[in-house]
Amino acid sequence: GALGELKLEFTASCFVAGLGEIHFDVGDSKQVGYGIRIDAQATHRGEPVSIGSSVGMGASFNFSLELFNRTSEQMPCGDFSLRFTVLDPSHHKIGSSSID
């Protein structure tokens, strides 16, 4: 996923007559972004196909995809697209599908 830490640090200062320069140093950090969980399964002629194995005509693919962040375990919608691409053994694209 793209989870990460966002850090904010800043200094504010001003001159106060009779006191001199006053400084405030403030900092905070938050976790931002999203994570992704994918469960992919393929079968051919009713038998499971392991990851990286070749498949022939009639293969079936099933995917479970979950997006999440720190405040929501599941994000059913958002500003993202899902693209499924099928590659041949030489990594040339032979098909793709996209869901916005």
Side-chain angles (χ1 to χ4, degrees):
L3 290 173
E5 184 177 28
L6 173 67
K7 291 183 179 181
L8 299 172
E9 295 179 359
F10 61 92
T11 300
S13 63
C14 68
F15 182 81
V16 177
L19 293 176
E21 194 80 20
I22 297 176
H23 294 275
F24 294 98
D25 294 316
V26 180
D28 198 3
S29 65
K30 298 289 182 188
Q31 291 288 340
V32 296
Y34 64 92
I36 186 169
R37 284 187 289 264
I38 301 172
D39 179 28
Q41 299 174 357
T43 57
H44 185 250
R45 297 185 178 143
E47 295 294 320
V49 177
S50 59
I51 294 175
S53 297
S54 298
V55 295
M57 294 294 290
S60 175
F61 300 91
N62 292 301
F63 295 90
S64 170
L65 173 72
E66 294 180 60
L67 294 174
F68 61 93
N69 62 22
R70 290 187 51 85
T71 59
S72 177
E73 189 59 28
Q74 292 184 338
M75 298 169 50
C77 61
D79 186 21
F80 55 84
S81 297
L82 172 64
R83 179 177 300 274
F84 174 72
T85 303
V86 178
L87 306 174
D88 69 9
S90 62
H91 296 281
H92 287 109
K93 182 172 80 170
I94 59 175
S96 68
S97 179
S98 179
I99 301 172
D100 291 327

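By convention here, the first residue in the shown sequence is residue 1. Keep in mind that the numbers below use all heavy atoms, side chains included, and drop hydrogens, waters and symmetry copies.
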*Asks:* With rounding to the nearest 0.5 angstrom, report the CD to CD1 distance, Glu66 to Ile38.
*Replies:*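 Glu66 atom CD to Ile38 atom CD1 measures 10.5 Å (nearest 0.5 Å).
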*Asks:* How would you list all residue pairs meeting side-chain hydrogen bond (donor to acceptor under 3.5 Å, both in side chains) that involve residues 16-29, not counting sequence neighbours?
*Replies:*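 Applying side-chain hydrogen bond (donor to acceptor under 3.5 Å, both in side chains) to every pair that reaches into residues 16-29, excluding sequence neighbours, yields Glu5-Ser29, Thr11-Asp25, Ser13-Glu21.
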*Asks:* So, for Met57 and His44, which heavy atoms are closest and what is the spacing to 0.1 Å?
*Replies:*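 Closest pair (atom of Met57, atom of His44, distance): O-NE2, 3.2 Å.
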*Asks:* Could you tell me whether Leu19 atom CG has more than 12 heavy atoms of other residues or ligands within 6.0 Å of it?
*Replies:*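 Yes, CG of Leu19 has more than 12 neighbouring heavy atoms, counting only those of other groups under 6.0 Å.
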*Asks:* Are Phe61 and Ile94 linked, directly or through intermediate hydrophobic residues, by side-chain heavy-atom contacts shorter than 4.5 Å (ILVMFWY only)?
*Replies:*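 Result: yes, single cluster for both.
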*Asks:* Are Val86 and Ile51 connected in a single hydrophobic cluster, I mean Ile/Leu/Val/Met/Phe/Trp/Tyr linked by side-chain heavy atoms less than 4.5 Å apart?
*Replies:*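 No, Ile51 does not connect to Val86 through the hydrophobic network.
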*Asks:* Could you state whether Val26 and Ile22 fall into the same hydrophobic cluster, counting links through intermediate Ile, Leu, Val, Met, Phe, Trp or Tyr residues with side-chain heavy atoms under 4.5 angstrom apart?
*Replies:*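 They do not share one cluster, since no chain of ILVMFWY contacts under 4.5 Å joins Val26 to Ile22.
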*Asks:* Under the side-chain hydrogen bond (donor to acceptor under 3.5 Å, both in side chains) rule, collect the residues that match up with His91, sequence neighbours excluded.
*Replies:*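 Partners of His91 by the side-chain hydrogen bond (donor to acceptor under 3.5 Å, both in side chains) criterion come out as none, since no residue qualifies.
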*Asks:* Tell me the closest heavy-atom pair linking Thr85 and Ser96, and the distance in Å.
*Replies:*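 For Thr85 versus Ser96, the nearest heavy atoms are OG1-CB, 3.9 Å.
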*Asks:* Same cluster or not: are Leu87 and Phe63 linked, directly or through other Ile, Leu, Val, Met, Phe, Trp or Tyr residues, by side-chain heavy atoms under 4.5 angstrom apart?
*Replies:*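 Different hydrophobic clusters.
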